[in-house]
Amino acid sequence: MADMKAFDEAIWRVAATIPEGRVIPYGELARLAGYPGYARQVSKALAKAPKNLDLPWHRVIAKPGRIAFAIGEPAFERQKGLLQSEGVAVLKGRIDLQQFGWSGVSDASPLPAEEFFR
DNA sequence: AAACTGACTGATC
DNA sequence: AGATCAGCCAGTT
C-alpha cells in the first residue's frame, strides 16, 4: 500500500455508515472499504480519525464479536459503555450474539451479517 | 536496515 | 472454550 492517506479516508467513510446498534469486525470494514487484508491498519485509521468526524468507532470490533481492548482497560470500558448505551449487550468483553437471534441472521444482525455470524 | 509493535485473523491443538 | 502460533502490514525503533 502506497498512500495511507487514501486508506484512512476510505475507512472513515465506511465507518461513518455503520448503523446504531450494530457492529462490524475490523477486517470486514477494511474489505468493505476496498482494502482486504488490512484489518490491523483499520484500528490505526480509527485512532487517528479527526474528532470532528464523530465516527462510531465503538461499533468496530474484533472477530468473533470481541472488544479489542483488554478487559479493564479504560478504552475497553468506554467502548463497552457506548455499545450498551445503544442496546448492544456486552458480556465478558464479548458482544452478546444471542440478542441478534442466532438463527435469524438475516435482517436483525449486525452489518457484516453472513460473514460475521457464520 | 533489521527488529519490534499492535484497537487483527485464521488455523491448530 | 482457551491458548498458541503463524501470517498479516504499516509505523516506529
Side-chain angles (χ1 to χ4, degrees):
Chain A
M1 170 55 40
D3 115 49
M4 285 301 107
K5 176 72 157 46
F7 171 80
D8 290 341
E9 297 177 343
I11 293 302
W12 297 340
R13 208 162 337 108
V14 179
T17 73
I18 307 172
E20 179 180 327
R22 308 229 185 157
V23 294
I24 180 176
Y26 295 90
E28 187 64 14
L29 173 52
R31 197 180 65 71
L32 290 182
Y35 293 85
Y38 279 70
R40 300 195 87 143
Q41 341 305 320
V42 168
S43 62
K44 309 195 176 181
L46 293 177
K48 73 173 65 161
K51 193 160 191 266
N52 56 41
L53 253 51
D54 201 41
L55 295 182
W57 61 272
H58 57 286
R59 299 182 189 139
V60 185
I61 64 182
K63 249 181 180 177
R66 185 182 122 263
I67 288 181
F69 296 103
I71 295 181
E73 210 175 344
F76 170 87
E77 299 302 338
R78 188 157 51 245
Q79 180 165 19
K80 175 181 171 184
L82 287 168
L83 286 172
Q84 296 184 325
S85 75
E86 55 185 63
V88 178
V90 180
L91 293 72
K92 309 285 290 180
R94 296 265 172 173
I95 302 302
D96 178 12
L97 302 176
Q98 292 273 344
Q99 73 177 308
F100 298 110
W102 193 250
S103 46
V105 174
S106 53
D107 38 9
S109 61
L111 195 56
E114 286 69 38
E115 292 96 284
F116 189 36
F117 290 100
R118 199 159 5 124

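So you know, we letter chains A, B, ... as the sequences are listed, proteins then strands, and number each from 1. Computed from a predicted model, the values in this text were never measured in an experiment.
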- Item | Nearest-Å distance for atom pair CG/C1', residues A:L82 and B:dA7 | 14 Å
- Query: Please give, in whole Å, the distance from B:dG6 C1' to A:I67 CD1?
  - Reply: 18 Å
- Item | Atom pair distance, as rounded to whole Å: CG in A:D8 and C1' in C:dC9 | 13 Å
- Query: Out of C:dA10, B:dA7, B:dT9, which has the shortest distance to the side chain of A:F69?
  - Reply: B:dA7
- Item | side-chain N/O A:Y38 vs C:dA10 OP1/OP2, d < 4.0 Å | yes
- Task: Could you state the atom-to-atom distance from OH of A:Y35 to C1' of B:dC8 in whole Å?
- Result: 18 Å
- Message: As a quick check of understanding, evaluate salt bridge (Lys or Arg N to Asp or Glu O under 4.0 Å) for A:R13 and A:E9, giving each step before the final call.
- Response: CA-CA 6 Å; A:R13 208 162 337 108; A:E9 297 177 343; 5.4 Å; no
- Donor-acceptor pair, A:E20 side chain versus A:G87 backbone, under 3.5 Å? no
- Could you check how far CD of A:Q79 sits from C1' of B:dA7, rounded to whole Å? 8 Å
- Task: Give a yes/no answer on whether the side chain of A:K63 brings an N or O atom under 4.0 Å of OP1 or OP2 in B:dG10.
- Result: yes
- Query: Parallel under 30°, tilted from 30 to 60°, perpendicular over 60°: which one fits the rings of A:F69 and A:W57?
  - Reply: perpendicular
- Protein-nucleotide distance (A:I24, atom CD1; B:dC8, atom P), rounded to Å: 15 Å
- Any strand, both distances under 3.5 Å, Watson-Crick or G-U wobble: B:dA7 pairs with none
- Quick one: does A:R40 reach the base of C:dC9 with a side-chain donor-acceptor pair under 3.5 Å? no
- Task: Starting from C1' on C:dG2, measure out to NZ on A:K92 and report it in whole angstrom.
- Result: 13 Å
- Query: Expressed in angstrom and rounded to an integer, what is the separation of A:F7 atom CZ from B:dC8 atom P?
  - Reply: 12 Å
- Message: Give me the atom names and distance for the closest heavy-atom approach of A:A62 to A:Y26.
- Response: N-CE1, 3.4 Å
